[in-house]
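The structure under discussion appears below in the form of structure tokens.
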Amino acid sequence: MEKGKVRTFFTYVDERYALVRAHPAVKIVSLVVLNVIPWIIEAPVPLASFLTSLLLAAALLKAPLSKLRNYLPYLLLVAQAVVLSYVLGSRIPGNAVYIEFPWGCYVTDRTLLYMASVMLRISSMLVGSTLIFLSLRDTDVVYGLKSLGVPFAAAFAFNLALRFSALFLDDYARVRDAMLLKGAKLDAGNPLERAKLLSRTAVPLMVIAVRRMQDLSFALELKSFPPSGKRTYLHQFRWSRFDVAALALLAATTAGVVVAKMVSPLLSFPGWPFA
Amino acid sequence: MSAVRVKDLWWRYHTSREWILKGVDFEVERGEFVGIVGPSGAGKTTLCLLVAGVLSKSVKGECKGRVELFGKDALRTGVRQLSEEVAIVLQDADTQFVTMRVLEEVAFPLENLGLSREEILERVSEALEFVGMKGYEWKHPHELSGGQKQRVAIAAALAKRPRLLILDEATSDLDPLGKREVLSVVSRLRKEYEVTVMIVDHNTDDLVKFVDRVIVLEGGRVAAFGEPRAIFSRIEQLRTIGIRIPQPTEVAFKLGAANGGLPLTVEEAAKALAPLKERLCLLNGDAYESPSGCERLVSFTDVTYVYEDGTVALDGLSLNIRKGEFLAVIGPNGSGKTTMAKLMVSLIKPTSGRVEVMGADTRAVSPTMLFSKVGYVFQNPDYQLVCDTVYDEVAFPLRQLGLDEEEVRERVQWALASVGLTGLEETPPFFLSKGERQRLALAIVLAVKPQLLIVDEPTTGQDERNSRRIAELLAQLNKAGVTIVVITHDLRLVSEYAERVVVLNNGRLVTEGSTRKVFTEHLETLASIGLEPPPVTRLMKELVGRPALTVREVVLCERA
Amino acid sequence: MVDARKVAVTAVTAGLCLPLALFAIILVPVPGLPAASGFWIPAGFYFVMTLWFGVWGALGGHIATFLAMGYFQGFTLQVWADGALGDLIAPLVALIVFKLMGAHPDLKDRKDKMAWLIGVPIASLVCGLWVHTVNLYFGVITWPFWWVGVLTYFIGDSLAVFIVGTPLLRSLTSYVKQSPMYIWRD
């Protein structure tokens, strides 16, 4: 591992990224809030402001913004889907009609604004979630959920799932190799035949899974899991001023957005969502 | 008060009419180190899980009798309470590693028990130091070898400071060095912490050096229980049951040197056989002639293979395998043995260099093009079993070859007969025992009638009877002209069956040659990578200055 | 109460389905529908796990879908609400159908087969309706494309569950019955 890097869920990030050191509960709450806010806001200008603030805040906190590039293909795909949907399949009244289709759908200036809103909303959720996930270590999920009241056993299952997915990835590769070595043409030929052959790989994978389930449950019980009395937690997370300030800011922003949505049309888009 | 008292224990699963355990009775004293041996299906794992108090509460079944653990009724006391007294290390190192880091893994049970943080840290540090894993605290499981994972599992068990430690075939998947390390750690545990230890293992050569007493299980009953010397003197009985006899014991028995009981170790055997030294002769065994004139089936020319993460699995390997050879590939875990095998079947392509199989460059062929000529049997047969019945499993590759059903039927019957599975055609494969599944995996490959057969760890986790059966079958196939390549840690198997040995370490070819040559002239090289020739080889080297490969070779000659 | 067995079911199901979900997204993408798959392979597995082991199997599928879809499109509220929640609902619907019909997952008799043939399409349809209504609500698609999405989902999910799940239930239920986690009584 490079010096100055911290390992998080899917990657390594600079240890100067402030969120890495944040309390796990702050990370989980941020994840929720940064998705809820763009979900509440409908109008494009407020969404654009939110997204810009998010990116600015991320830069200030020394977030690894370059990692967002990985999601560019997805955003392009979403944009394609959104454009297709709204150009060919919407009837949003506006001030100017640009295209009209024989099947009754049309494109207006408000259609374009609507599309922009959707893209800004998806982008905001994506940017917000990614910036949090980049800071999330595996211990954060368990400790974060636990500190928010989720039972330890349930939170732990999430971590275990990640642990076992690596094992099954290996198993799948071996089962596939075994099929190839028995002459199964998995990469060429009739798609239906290939699908039938591939579906056969399900059997050994499932047998291995069921056996692992049994062994895992024994292993967990023998490690005194789930804990019946008070459980100690090895890692300790202390609330810092940054954590308190972050929570306060998130709470205030959420409250502000909710109130603004209720009392003014600033955040709304008339006709949303079923336009 | 004993550590473990088992009284007339019976157990069967609710889905079965057969009792798995039938009136098992024994007592283990505090601080004892007890070995449990027996053929597959004898009930060893079931016994361990019942003693630990887990099975009767987790699995639907019928239980009669009594199990006491330090005076507590293990069948009725909660698992949580018992888990403070007993720890188990299971065979599968991966499944029992439930966290993401070594430190967290060792701390996990202590956290669940609610110990203070300070105490947890202290115990974790102590435990990791004890097993030689200090400095690995922040490693992830995928960064550890199998042996290291098992040592972490032992550390996690040790950190609980259990009064009873059970190891259920915990060393099966380890290389010889890993096995010895684990056994020596466990032995220290017992000496320094007075932990009672119960260990299930097929490897009796190493086991006898450590255990105080041995339980022999057969068909769910205790066939014998006593000190190793007394138990392993019952050679015929143990052979009938299908238990591996330590080689020094076998040699001494054969030569009639049983004064004061049969020896168990090389050192004891050397002393016991010293009076017979002058009369010891070694049959030379079949002289191995390097089949240099035979057709070259496989050639590796300066082959290097580097995995995506940068690990160099093979580094400049050059090697030829000739038609009709019985070749063993040995080496510590991570030495490149499986990579070498995968290159031979074209599952992977060399990063540099050239691999040719029957004249074809493997870079130009796919595994499906080679499968009718080269068979590969995986270490874990479960990866290969995809069909609903045994018949369909064996028929699968034949149908891929496009053979007509009449020929398919003939070949399936032949293959099943070869491996002793006739009569099980309609059985779903996953209902077979582990040994049967391993033989089925072999049958699947045999049916295709390959010219080259690669078998990866065929005897790991198998009892002696199954191991012999598989080894004999491979020998028969070799006699019939099939070239055999076996990857194995079982050096007794290598001595008895392989004509030629290739030794790998860190991706490089360390040495190769006839089995006799490698096991006699390269002892230091083997020792440097943690490999020891079989006990009989070392014993004869010590006694007569010349090594033997098998017990068969050692005879008493008439005095001149 | 959450015990070791339930956690083991959820964790192993999720662990098994996660790599399969990643493959399904890469191998069989649906043009125009981001991070969607035209053949949702893991569905075959978590449907079967749910029928054998109950809610905890469904939870495993839910976690796997969230992590797989999130890997490609971010761990957003939309991803959780549409795909992940949908994949929690679908196998539970199938389980309810089996329970209501008094059928058994080993698909031995006519009632079992009927429950499977009816339960899977109903579950896939319910899931498709859920997923694309959520997408509609988030504004990602419009009404005319809503039904396209529902139909694609219905076909993709049902196909995968029938092709992957049927041989699993037929071949392995008798083996899985021995497991203490199996929820049905004979």
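In what follows, chains carry the letters A, B, and so on, assigned in the order in which the sequence lines appear, proteins first and then strands, with residues in each chain numbered from 1.
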Step by step, would you call L131(A) with L65(A) a side chain to side chain contact (heavy atoms under 4.5 Å, CB included)?
CA-CA 8 Å; L131(A) 293 174; L65(A) 288 167; 4.2 Å; yes
Most chain C-contacting option - heavy-atom pairs closer than 4.5 Å, from M115(A), R211(A), K196(A)
R211(A)
Examine whether an atom of R163(A) lies under 4.5 Å from a heavy atom of chain C, and if so say whether it belongs to the side chain, the backbone or both; otherwise answer neither.
neither
Max heavy-atom pairs within cutoff under 4.5 Å with chain A, candidates G70(C), G74(C), A14(C), G44(C), goes to G74(C)
Hey, which of A166(A), A219(A), A161(A) has the most heavy atom pairs under 4.5 Å with chain C?
A161(A)
Stepwise, does the salt bridge (charged side-chain N to carboxylate O under 4.0 Å, His left out) test hold for K261(A) with E42(A)?
CA-CA 9 Å; K261(A) 181 77 188 288; E42(A) 296 163 3; 3.1 Å; yes
I'd like to know whether CZ of R170(C) has more than 12 heavy-atom contacts from other residues, nucleotides or ligands below 6.0 angstrom.
no
Proximal component of V203(A), with respect to chain C [non-hydrogen, under 4.5 Å]
both
Proximal component of L31(A), with respect to chain C [non-hydrogen, under 4.5 Å]
side chain
Side chain from CB out, backbone as N, CA, C, O: work out which of these in L76(A) comes under 4.5 Å of a heavy atom of chain C, or both, or neither.
neither
May I ask you to say whether D177(A) pairs ionically with R174(A), meaning some side-chain N is under 4.0 Å from a carboxylate O?
no
Side chain H62(C), main chain D87(C), donor-acceptor under 3.5 Å:
no
Winner by heavy-atom pair count (cut-off under 4.5 Å) against chain C, out of F225(A), F133(A), F164(A):
F133(A)
Does a salt bridge link D106(C) with K108(C), judged by any charged N lying under 4.0 Å from a carboxylate O?
yes
When only pairs under 4.5 Å are counted, which of P144(C), P19(C), S179(C) shares the most heavy-atom pairs with chain A?
P19(C)
Between V2(C), V79(C), V176(C), L77(C), which residue shows the highest count of heavy-atom pairs closer than 4.5 Å to chain A?
L77(C)
Just so I understand: if I count every heavy-atom pair under 4.5 Å between each of A153(A), S199(A), A157(A), A202(A) and chain C, which residue has the most?
A202(A)
K27(A) side-chain N/O to S135(A) backbone N/O, donor-acceptor pair under 3.5 Å
yes
Before giving the answer on side chain to side chain contact (heavy atoms under 4.5 Å, CB included), spell out for I41(A) and R121(A) the whole-Å C-alpha distance, their side-chain angles and the decisive distance to 0.1 Å.
CA-CA 8 Å; I41(A) 304 174; R121(A) 165 181 272 193; over 6 Å; no
Considering only heavy atoms, which portion of F145(C) lies under 4.5 Å from any heavy atom of chain A: side chain, backbone, both, or neither?
side chain
Would K99(C) pass as a cation-pi partner of W184(C), given that its NZ or CZ must be under 6.0 Å from the six-membered ring centre and within 45 degrees of the axis?
yes
Under a 4.5 Å heavy-atom cut-off, does chain A meet the side chain of Y71(C), its backbone, both or neither?
both
Checking S158(C) side chain against I155(C) main chain: does a donor-acceptor pair fall under 3.5 Å?
no
Between Y46(C) and W40(C), a side-chain donor and acceptor under 3.5 Å:
yes
Quick one: what part of L18(C) sits under 4.5 Å from any heavy atom of chain A, side chain, backbone, both or neither?
side chain
Heavy-atom distances under 4.5 Å only: say whether W80(C) touches chain A with side chain, backbone, both or neither.
neither
Of the backbone (N, CA, C, O) and the side chain (C-beta and beyond), which part of L67(C) lies under 4.5 Å from a heavy atom of chain A, both, or neither?
side chain
Counting heavy-atom pairs under 4.5 Å to chain C, which of P73(A), S217(A), S85(A) comes out on top?
S85(A)
Give the member of I63(C), L172(C), D3(C) that has the highest number of heavy-atom pairs under 4.5 Å with chain A.
L172(C)
Contact origin within F45(C) toward chain A - heavy atom pairs under 4.5 Å:
both
For F162(C), does its backbone N or O pair with a side-chain atom of W116(C) as donor and acceptor, under 3.5 Å?
no
